[in-house]
Amino acid sequence: MILTAVALSVYLLFPIFNERHEKFALMLNKNPSSPEQINMKLKLLSKLKDPSEKENFFSENEKVDDLAENKNEKSLTSVYFRNSKNMLSAFSYDDEVFVPVQLLDGERSFISVNQDKICRVKFDKEMKICEEIEWSKGNSVSDSKMIARRRWNYGEKKSITEELFDQKKIIETFYDEKNNPVKIYNYLLVNNPKSTSLEPLPDLKKIDGIIENFYDGENRLIESNINDYERKIEDNRIVYKKKILYIYTSKSSMPDMKVYEDDKLRLVTEYENDETYYETIYFDEKFSVRSKYVDEVMVEENVQK
């Protein structure tokens with residue numbers, strides 16, 4: 001991992017907003033001299049979430065100092081940097097580097113860089129994560145491509161929107177007041193049939209599937225409905241339905257399960273205890289196969305008509 005890659009991301013992907021930012025970018029070119037066996041990522045997150053420290057943490061008046069100890073140590077696995085108030089300014093762990101950044105709107109973020117990608121995580125003024133963007137890491141900024149973006153919404157309808165640009169997919173997940181995912185929309189980005197080389201048009205957002213979940217009073221998942229849709233531009237009908245029912249008993253910590261495909265019962269799983277369960281598969285030809293499993297190993301199988 002070459003630390004100057006971080007400087008590249010700081011200078012070119014994100015604007016320089018104060019002198020401290022510039023000094024830190026220059027610091028990345030230095031060769032750190034001491035390993036510290038600490039969990040770097042957790043320490044950074046704890047700093048970011050501490051209301052008593054988060055203001056000074058990004059202060060533009062702070063001097064960036066390398067406070068690494070034991071200068072004779074040559075084997076480098078993790079190195080941390082602190083400012084003059086002994087607050088964590090940046091750190092590296094193996095081939096990954098983490099850099100805190102203050103944005104112009106007063107919100108906070110941190111950048112992580114490893115051999116494969118650059119990632120920026122943005123926090124709102126209440127230090128709740130609101131956006132995450134991933135870039136593939138190339139030899140230059142022009143070679144770097146945005147591969148994913150995730151956005152968090154904490155309004156009345158809590159949700160996460162995930163855009164997977166390399167896969168041409170969008171996933172929208174909505175949560176209830178207990179933070180359970182209750183509805184998941186899967187979209188595909190498909191070529192607009194009216195697009196031409198002379199007049200290219202944006203891709204169309206096409207519904208690909210919907211998952212709807214239901215929970216009981218104990219916050220346990222009891223039913224999941226999955227609908228897949230026709231992917232053609234001119235059609236938007238459901239082509240496949242799947243329903244999964246979860247039945248909780250005192251026999252096992254795992255729930256029994258019934259799976260329906262297009263309203264037909266296809267699979268039943270029944271637990272005898274935590275180690276033993278029976279699985280029955282139903283076929284259209286009016287027969288079924290019942291199997292017994294012990295510790296995830298099938299020990300018995302019977303065909304029933």
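In this text the structure is predicted, and so the values were computed from the model without any measurement. Heavy atoms only: backbone and side chains are in, while hydrogens, waters and symmetry mates are out.
- Ser291 pairs by the side chain to side chain donor-acceptor pair (under 3.5 Å) definition with nothing, not counting sequence neighbours.
- Minimum heavy-atom separation, Ile247 to Leu245: CD1-O, 3.9 Å.
- A donor-acceptor contact shorter than 3.5 Å is absent between the side chain of Ser224 and the backbone of Asn213.
- Listed by first then second residue, pairs satisfying salt bridge (charged side-chain N to carboxylate O under 4.0 Å, His left out) with a partner in residues 216-226 read Asp216-Arg220, Glu218-Arg220, not counting sequence neighbours.
- Contact of the Ile207 side chain with the Tyr185 side chain is registered, since non-hydrogen atoms from C-beta on lie closer than 4.5 Å.
- Residue pairs meeting the ring-ring contact (aromatic ring centres under 6.0 Å, His included) criterion with at least one partner in residues 204-223, sequence neighbours excluded, do not occur; the list is empty.
- For residues 162-172, the pairs satisfying salt bridge (charged side-chain N to carboxylate O under 4.0 Å, His left out) are Arg149-Glu163, Arg150-Glu162, Lys168-Asp203, Glu172-Lys205, with sequence neighbours left out.
- For Lys128, the NZ atom sits in a packed shell: over 12 heavy atoms of surrounding residues, nucleotides or ligands are nearer than 6.0 Å.
- For the salt bridge (charged side-chain N to carboxylate O under 4.0 Å, His left out) condition, the pairs that include at least one residue of residues 286-301, sequence neighbours left out, are Glu270-Arg290.
- Residues Gly155 and Asn153 come closest through the heavy atom pair N-OD1, 3.2 Å.
- Partners of Ser195 under the side chain to side chain donor-acceptor pair (under 3.5 Å) rule, at least two apart in sequence or in another chain, do not exist in this structure.
- A donor-acceptor contact closer than 3.5 angstrom links the side chains of Glu261 and Tyr240.
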Per-pair distances, 0.1 Å, donor-acceptor, side chain in residues 173-182, under 3.5 Å, sequence neighbours excluded:
{"unit_1": "Asp176", "atom_1": "OD1", "unit_2": "Lys178", "atom_2": "N", "d": "2.9"}
{"unit_1": "Asp176", "atom_1": "OD1", "unit_2": "Asn179", "atom_2": "N", "d": "3.0"}
{"unit_1": "Asp176", "atom_1": "OD1", "unit_2": "Asn180", "atom_2": "N", "d": "2.8"}
{"unit_1": "Asp176", "atom_1": "OD2", "unit_2": "Asn180", "atom_2": "ND2", "d": "3.3"}
{"unit_1": "Asn179", "atom_1": "OD1", "unit_2": "Lys158", "atom_2": "NZ", "d": "2.7"}
{"unit_1": "Asn180", "atom_1": "ND2", "unit_2": "Asn219", "atom_2": "OD1", "d": "2.5"}

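- In terms of modelled atom types and a separation under 3.5 Å, the side chain of Tyr246 and the main chain of Lys258 share no donor-acceptor contact.
- Asp274 and Ser253 get closest at one heavy-atom pair: OD1-N, 2.8 Å.
- Evaluation of the ring-ring contact (aromatic ring centres under 6.0 Å, His included) rule for Phe287 yields Phe283 as partners, not counting sequence neighbours.
- By the 4.5 Å side-chain criterion applied to Ile, Leu, Val, Met, Phe, Trp and Tyr, Val299 is assigned to a cluster that also includes Val294.
- Glu131 approaches Arg151 most closely through the heavy-atom pair OE2-NE, 3.4 Å.
- Residues passing the side chain to side chain donor-acceptor pair (under 3.5 Å) test with Ser197: none are found, sequence neighbours excluded.
- Under a 4.5 Å side-chain heavy-atom cut-off, the cluster of Ile, Leu, Val, Met, Phe, Trp and Tyr residues that includes Tyr271 is completed by Met254, Tyr277, Tyr293, Met298.
- Distance check: Ile171 CD1 to Ser159 OG gives 13.5 Å after rounding to the nearest 0.5 Å.
- A 6.0 Å sphere centred on CD of Glu199 holds no more than 12 heavy atoms belonging to other residues, nucleotides or ligands.
- Listed here is the closest heavy atom pair of Tyr229 and Ile210: OH-CD1, 3.5 Å.
- Legend: residues meeting side chain to side chain donor-acceptor pair (under 3.5 Å) with Glu279, ordered by chain and number and at least two apart, are absent.
- Between Val121 and Cys119 there is a side-chain heavy-atom pair separated by less than 4.5 Å.
- Judged by distance alone, the side chain of Asp262 and the main-chain N or O of Lys241 form a donor-acceptor pair under 3.5 Å.
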